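See structure below.
Computed from heavy atoms alone, side chains included, the values below leave out hydrogens, waters and symmetry copies. Given the structure is predicted, the values throughout are model-derived calculations rather than measurements. A note on names: the letters A, B, ... follow the listed sequences, proteins ahead of strands, and every chain is numbered from 1.
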Amino acid sequence: MRLFPIPLLSHVRGLVRRAPSPRMYAVPALACTNSTISHSEEQTKEGNFEVVKSLELNEVGVLRVLTTMRDDPYLALSFLKRIEGNEGASLPSVSAYAAVVRIVCSWSLDEKLSCLFVGLIRKGDQGRGFSFADLLNAVGEAEEGDEKLAFLLLSRVSSALVKAYAEIEMFEEAVYLFREIEELRWDADAGAYVVVVQALRRKGDSEGVEKLLSKLLSLETRRRHCFFYMDFIEGLCVNEMSLEAYTLLRPLRDADILVVDGSDLAVAYSRVIRGLCNEMKLEEAESALLDMEGCGIDPDVSLYSAVMEGHRKNMSFSKALRFIVDKGAKQGKRIINPVIASSILQCCCQMGKFSEAFDQFVEFRNRNIPLDRFCYNVAFEALIKLGRVDEAIKLFRGMICEGIAPDVVNYTTLIGGCCQQGRCSEAIDLVMEMEAKGRPPDIVTFNVLVGGFVRNAQNASGILKLMEERGVKPTSVTHKMVIQGLIVAGKIDEAEALYQSLDE
DNA sequence: ATAGGGTTAG
């Protein structure tokens with residue numbers, strides 16, 4: 001039952017043969033370069049183009065030229081583009097497109113294929129002079145003797161078309177075409193499934209999604225390879241549909257489908273859990289994690305840190321800390337890596353518990369937990385907030401002695417600390433050190449510095465000049481920092497004047 | 001192939 005008539009594949013089974021039309025194609029010389037093909041590519045192809053340069057080709061001629069381009073999909077595509085771009089002349093025939101599609105397809109350049117289709121969709125049936133059913137017919141026709149190859153080819157080409165529709169937000173058409181592919185019993189690829197789920201969800205058709213997933217899993221239609229499911233799960237997760245991926249994952253696991261090389265189930269779980277964390281679906285992520293552990297898979301610690309970071313970003317600091325402590329206790333092995341360590345330290349800082357944060361840092365160090373510049377940075381922040389800037393600088397020097405190279409952020413943190421204590425010249429020394437070490441200050445560094453100077457009633461024009469010399473452009477944040485600094489310094493009039501001048 | 005964190009805006 002069709003909701004509305006979109007003539008897509010309606011007569012694809014009717015494989016109609018057509019005699020080539022006597023149209024002529026003028027093939028322009030290579031001089032007008034094609035912007036979609038990179039320069040080096042273009043140059044290497046130049047030789048091949050000589051053959052057809054400035055020739056008048058009829059359709060048979062075009063097809064003959066295309067057969068010589070079988071090993072060069074980019075050349076075939078640009079050849080086609082050239083004919084398309086030829087003002088006033090006939091457009092390429094459906095057979096010419098079919099030939100190019102087959103070439104591109106045989107090289108697995110699915111994205112190029114979708115690209116080509118986007119262009120064709122935009123032209124419309126009238127503009128093309130043929131329908132997509134015609135095109136698919138023509139593509140399939142060439143493999144008439146080999147049913148299996150035709151099936152693979154048509155599955156692939158029609159999947160690319162589904163993706164092309166989705167790409168230009170013609171979701172109805174994408175879903176409609178997908179349904180037709182299902183009816184024809186071709187296999188849409190994982191990418192096509194992903195965009196269809198996306199389209200259905202966009203419509204709020206969760207029932208449709210459910211049906212699609214269960215159809216994919218039902219025994220009689222389940223003929224997919226593990227790779228398909230892996231790709232599908234990955235596609236769902238990167239497109240913020242991790243919950244759908246998780247619904248798919250469990251039955252796949254129970255049916256022992258994700259077992260090609262033993263680690264597939266672990267990889268799938270990792271993707272899903274990471275995806276859930278990215279979408280801040282932390283309860284689901286935690287239960288997926290338990291689920292994973294229940295399968296006897298030992299999760300990578302990075303999954304623990306993903307969940308923990310989620311809680312932290314959610315400002316659920318104690319939840320984050322409790323989570324990691326519980327996991328650590330349960331695992332009975334060391335799960336604290338530098339990422340988790342910095343996350344723990346940051347939770348403390350964000351709760352305002354700066355001395356606890358620093359104590360924790362020292363404890364980590366005593367326990368020989370590897371600490372990197374991220375962890376050190378949080379320790380610097382804690383010390384600075386406690387007003388212990390000297391200790392922060394000492395720790396910074398110690399870090400360098402440990403062989404950890406400081407980055408712009410480390411320097412910026414310390415520069416902020418110096419400014420906070422009114423130690424502006426030390427701040428400048430650090431800036432000079434940065435430049436000497438080839439880690440030049442960025443906009444954030446300068447904002448901190450400028451703000452610090454102004455707050456301490458120091459002349460900031462030198463800093464602004466330095467910024468200009470280094471090619472770092474002030475932003476609205478810079479101005480905000482200066483204005484606030486002036487207010488802190490009690491220079492209300494100057495702040496007001498600056499504010500007014502910025503308004504203009 | 002699973003990959004993640006820290007600095008401005010007081």
Starting at CZ of A:Phe396 and ending at C1' of B:dT7, how long is that distance when rounded to a whole Å?
13 Å
Rounded off to whole Å, could you give me the CG-to-P distance for the A:Asp264 and B:dA1 pair?
9 Å
Does any pair with a residue in residues 486-498 of chain A pass side-chain hydrogen bond (donor to acceptor under 3.5 Å, both in side chains), and if so which ones, sequence neighbours excluded?
none
Residues passing the side chain to side chain contact (heavy atoms under 4.5 Å, CB included) test with A:Glu240, sequence neighbours excluded, are A:Glu279
Could I get the full list of side chain to side chain contact (heavy atoms under 4.5 Å, CB included) partners for A:Gln421, not counting sequence neighbours?
A:Val389, A:Arg423
Using a 3.5 Å cut-off and no angle test, enumerate the donor-acceptor pairs between side-chain atoms of residues 405-419 of chain A and protein atoms at least two apart in sequence or in another chain.
unit_1, atom_1, unit_2, atom_2, d
A:Asp407, OD1, A:Val409, N, 3.1
A:Asp407, OD1, A:Asn410, N, 3.0
A:Asp407, OD2, A:Arg373, NE, 2.9
A:Asn410, OD1, A:Asp407, N, 3.1
A:Asn410, ND2, A:Arg373, O, 3.2
A:Asn410, ND2, A:Asn377, OD1, 3.0
A:Tyr411, OH, A:Glu433, OE2, 2.8
A:Thr412, OG1, A:Val408, O, 2.6
A:Thr412, OG1, A:Thr445, OG1, 2.9
A:Thr413, OG1, A:Asn377, OD1, 2.9
A:Thr413, OG1, A:Asn377, ND2, 3.2
A:Thr413, OG1, A:Val409, O, 2.9

Hey, are A:Glu284 and A:Lys281 close enough for a salt bridge, meaning a charged N less than 4.0 Å from a carboxylate O?
no
Before giving the answer on side-chain contact (heavy atoms from CB on, under 4.5 Å), spell out for A:Asp187 and A:Phe151 the whole-Å C-alpha distance, their side-chain angles and the decisive distance to 0.1 Å.
CA-CA 8 Å; A:Asp187 277 350; A:Phe151 162 81; 3.6 Å; yes
Output the rounded distance in Å from CG (A:Asn278) to C1' (B:dG5).
13 Å
Would you mind checking if A:Lys148 and A:Glu143 are paired as a salt bridge, meaning a charged N to carboxylate O distance below 4.0 Å?
no
Check step by step if side-chain contact (heavy atoms from CB on, under 4.5 Å) holds for A:Thr475 and A:Asn447.
CA-CA 9 Å; A:Thr475 66; A:Asn447 287 346; 4.2 Å; yes
Gap between atoms CD and C1', on A:Gln346 and B:dG5 respectively (whole Å):
7 Å
Identify, residue by residue, the members of residues 424-445 of chain A with a heavy atom below 4.0 Å from DNA chain B, and return them in order of residue number, or none.
A:Val444
Hey, can you pull the donor-acceptor pairs under 3.5 Å for the side chains in residues 189-197 of chain A, sequence neighbours left out?
unit_1, atom_1, unit_2, atom_2, d
A:Asp189, OD1, A:Lys163, NZ, 3.4
A:Asp189, OD1, A:Gly191, N, 3.2
A:Asp189, OD1, A:Ala192, N, 2.9
A:Asp189, OD2, A:Lys163, NZ, 2.9
A:Tyr193, OH, A:Arg224, NH2, 3.4

Going by heavy atoms closer than 4.0 Å, what residues in residues 400-422 of chain A are next to DNA chain B?
A:Asp407, A:Val409, A:Asn410, A:Thr412, A:Thr413
What side-chain donor-acceptor pairs closer than 3.5 Å can you find for residues 355-363 of chain A, not counting sequence neighbours?
unit_1, atom_1, unit_2, atom_2, d
A:Glu363, OE2, A:Arg367, NH1, 3.1

Can you list, by residue number, the residues of residues 359-388 of chain A that have a non-hydrogen atom closer than 4.0 angstrom to DNA chain B?
A:Asp372, A:Arg373, A:Phe374, A:Asn377
Hey, could you give me each pair passing salt bridge (charged side-chain N to carboxylate O under 4.0 Å, His left out) that has a residue in residues 241-251 of chain A? Not counting sequence neighbours.
A:Arg201-A:Glu244
For the pair made of CE in A:Met481 and P in B:dT7, what is the distance, rounded to whole Å?
14 Å
Before accepting this row, confirm whether a basic side-chain N of the pair A:Glu182/A:Arg179 lies closer than 4.0 Å to the acidic partner's carboxylate O.
yes
Under a 4.0 Å N-O cut-off, is there an ion pair linking A:Glu468 with A:Lys465?
no
DNA chain B contacts made by residues 335-345 of chain A, counting heavy atoms under 4.0 Å
A:Asn337, A:Pro338, A:Val339, A:Ser342
Does A:Val301 reach a base, just sugar-phosphate, or nothing at all? Heavy atoms under 4.0 Å.
nothing
What residues 452-473 of chain A contributes to the DNA chain B interface at heavy-atom separation below 4.0 Å is none
Give the rounded distance in Å between these two atoms: CZ of A:Phe227 and C1' of B:dA1.
12 Å
What is the distance, to the nearest angstrom, from the OH atom on A:Tyr304 to the P atom on B:dG5?
19 Å
Apply side chain to side chain donor-acceptor pair (under 3.5 Å) to A:Tyr246 and A:Asp291, showing your working.
CA-CA 11 Å; A:Tyr246 190 33; A:Asp291 197 11; 2.8 Å; yes
From NE2 of A:His311 over to P of B:dG4, roughly how many Å is that when rounded to an integer?
18 Å
Taking the side chain as every heavy atom from C-beta outward, state whether A:Leu161 and A:Val157 have any pair of such atoms under 4.5 Å apart.
no
Inspect the contact between A:Glu293 and A:Lys327 and indicate whether a charged nitrogen and a carboxylate oxygen are less than 4.0 angstrom apart.
yes
